[in-house]
Amino acid sequence: MACLLENLLQFGRLLRTLGLDVQAGRMLDAAQALEHVRMGRRGEFYHALRVMLIHRAEDMPVFDEAFRIFWRKPPGERTTQDVRPLGKERRFGKPQVEMFSLHDDAGSSAERPASSIAIETFSDRDVLQKKDFKDMTDEELEEAALLMDKLRWQPGLRRSRRWKSGNGGGIDLRRILRKSASGGAAALQIPKRERRLRRRPLVLLCDVSGSMERYSAMLVRFAHVVSNGLERVETFLFATRLTRISHRLRRRRLDFASAQLSSHVPDWSGGTRIGESLRNLNVHWARRVLNNGPVVLLISDGWDRGDPQLLRHEVSRLRRSCWRLIWLNPLLGSPVYEPLTRGMQAALPHVHDFMPVHNLTSLEKLAEHLNSLPGGERRRAAKA
């Protein structure tokens, strides 16, 4: 499946080189749609890609030709590695590398050669995982979003208020009374009950101020992937004020969801008032999004122009309201970075975890950290 994903990214590059309008949201939808396709059926695979990637009738002949040559290796036919668009014409150059082949309808398949495209792609993937988000091109951000979609986000479990039958809890008095009323030997049994376990909610607080402008595009992609992968996710953007965008990120198409964000968030790429934004969250949104012990991810570089005392107070208050407070700083990925700004100095004593978020490797480590969080009741805040 990993090889197929890498070849799918190569196929998207080819379609864009040929002049087709294949956007990031469509590639994400195509990758998710292929999980429901029987890969041994070439026809199903073809129609799934065509439906998800092509939306104009005039593009279908070009797509058909690219699909036929890319996803199969007919004898004596050229590949699409050296595509050279010439005006309105699209021509294929001399073959450079052999392509990965899918099973055809008859069940036969071409053997995958040693010089397959996947060898080159895995090398590119390794470089992409370690590349800083601020240095990525739009195409690389699209590929990173596809890889990010494969990560597993499970921010711990919590005990709910509802009960279920079990042997690990206390005596179930209601069941005893019901069985006693019915009489018989069942009255001598002592049933027990225990709390149900539910996945903890996740709250994302993303800094989109001017100092975070180089990371804002990836923050939106990260929030979109997490929002569509978990049931209870609340997302806020902030710079000088707090803006809730949870309902906009629950749409399937990322490009459609993010097209209105810059106009919906009036302080995008503006100044930074972290303390005032957190105060807005604690005062106006705490009862709605901070109940049931959520895990809070605060993503910011810590450059704050507000009052550090206000920031210290509001971060401490936020920690007492959530189960786990994790500050993600993209600058922490630099080996020479030190948290010396007033904002970071004020906030760090009240943060559970301080982690980098500057490339795909750091996101993988974040996912592993969230998946390893223990269950249990809300942690008590340490004394300041």
Side-chain angles (χ1 to χ4, degrees), residues 125-137 140-141 144-145 147-148 151 153 155 202-223 225-226 235-240 267-278 295-316 318-319 322 324-370 372-373 382 384:
R125 177 181 178 182
D126 184 63
V127 174
L128 186 64
Q129 285 181 328
K130 298 178 181 179
K131 191 172 184 179
D132 199 299
F133 291 140
K134 64 180 176 59
D135 300 325
M136 288 186 179
T137 63
E140 289 173 334
L141 288 175
L147 296 175
M148 188 193 311
L151 296 178
W153 304 96
L202 191 65
V203 178
L204 301 180
L205 304 175
C206 303
D207 186 350
V208 292
S209 61
S211 61
M212 289 284 292
E213 185 175 6
R214 295 175 298 176
Y215 294 96
S216 297
M218 200 60 201
L219 287 182
V220 173
R221 285 173 168 82
F222 171 69
V225 169
V226 176
T235 305
F236 297 85
L237 302 182
F238 69 89
T240 58
D267 56 339
W268 187 286
S269 296
T272 313
R273 304 284 181 178
I274 305 177
E276 295 178 9
S277 300
L278 294 183
V295 175
V296 178
L297 302 182
L298 200 162
I299 309 175
S300 174
D301 56 4
W303 287 94
D304 184 37
R305 298 183 180 180
D307 184 4
Q309 295 296 332
L310 175 63
L311 175 58
R312 179 181 294 106
H313 174 74
E314 296 302 332
V315 171
S316 175
L318 176 60
R319 171 170 171 153
C322 67
R324 192 90 177 184
L325 177 58
I326 303 176
W327 190 301
L328 303 175
N329 192 327
L331 303 182
L332 190 57
S334 173
V336 297
Y337 171 77
E338 295 183 11
L340 301 179
T341 61
R342 295 188 307 169
M344 291 309 312
Q345 290 290 321
L348 277 181
H350 308 284
V351 173
H352 288 107
D353 303 300
F354 188 47
M355 304 177 63
V357 59
H358 63 292
N359 57 18
L360 284 173
T361 301
S362 63
L363 286 181
E364 291 178 356
K365 293 181 179 179
L366 172 62
E368 294 175 359
H369 180 68
L370 291 180
S372 64
L373 289 179

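Separating the CG atom in L219 from the CG atom in L205 is a distance of 11.5 Å, to the nearest 0.5 Å. Between atom CG of residue N329 and atom OG1 of residue T341 there is a gap of 8.0 Å, rounded to the nearest 0.5 Å. Distance check, rounded to the nearest 0.5 Å: OG of S300 to CE of M344 gives 7.5 Å. Remark: E364 CD to M148 CE distance equals 10.5 Å, nearest 0.5 Å. Annotation: the span from I274 atom CD1 to D307 atom CG amounts to 12.5 Å, rounded to 0.5 Å. Here the OG1 atom belonging to T235 is positioned 4.5 Å from the CG atom belonging to L204, to the nearest 0.5 angstrom.
When all heavy atoms are compared, the tightest approach of D301 to S211 is OD2-OG, 2.8 Å. D353 approaches R324 most closely through the heavy-atom pair OD2-NE, 2.8 Å. Of all non-hydrogen atoms in G306 and R273, the two that sit nearest each other are CA-NH1, 3.4 Å. Taking each heavy atom of D267 and F238 in turn, the nearest pair found is OD2-C, 4.2 Å. Minimum interatomic distance between A239 and S277 (heavy atoms only, all atoms of both residues): O-OG, 4.0 Å. Closest of all the heavy-atom pairs between G271 and S209 is O-CB, 3.4 Å.
A donor-acceptor pair under 3.5 Å links the side-chain atoms of H352 to the main chain of L325, judged by distance alone. Judged by distance alone, with hydrogens and angles left aside, the side-chain atoms of S362 form a donor-acceptor pair with the main-chain N or O of N359 at under 3.5 Å.
Looking only at atom types and distance, the side chain of Q345 has no donor-acceptor partner in the side chain of R342 under 3.5 Å away.
Using a 4.5 Å cut-off on side-chain heavy atoms (C-beta onward), T240 and E276 make no contact. A 4.5 Å side-chain heavy-atom check between V225 and L151 finds every atom pair outside the cut-off. For the pair W327/L348, no side-chain contact is recorded, criterion being any heavy-atom separation below 4.5 Å from C-beta on. Using a 4.5 Å heavy-atom threshold, the side chains of V226 and L297 count as separate. Two residues are said to be in side-chain contact when any heavy atoms from C-beta on lie closer than 4.5 Å; D207 and W303 fail this criterion. Considering only heavy atoms from C-beta on, F222 stays 4.5 Å or farther from C206 through its side chain. Taking the side chain as every heavy atom from C-beta outward, V357 and L363 approach each other to under 4.5 Å.
Between Y215 and F133, the ring planes lie perpendicular to each other; the angle is over 60°, past the 30° to 60° tilted range.
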Kindly determine whether V351 and L298 satisfy side-chain contact (heavy atoms from CB on, under 4.5 Å), including the steps that lead there.
-> CA-CA 10 Å; V351 173; L298 200 162; over 6 Å; no

Evaluate the side-chain contact (heavy atoms from CB on, under 4.5 Å) criterion for residues L373 and H369: first the C-alpha distance (whole Å), next the side-chain angles of each, then the deciding distance (0.1 Å), finally the verdict.
-> CA-CA 6 Å; L373 289 179; H369 180 68; 4.0 Å; yes

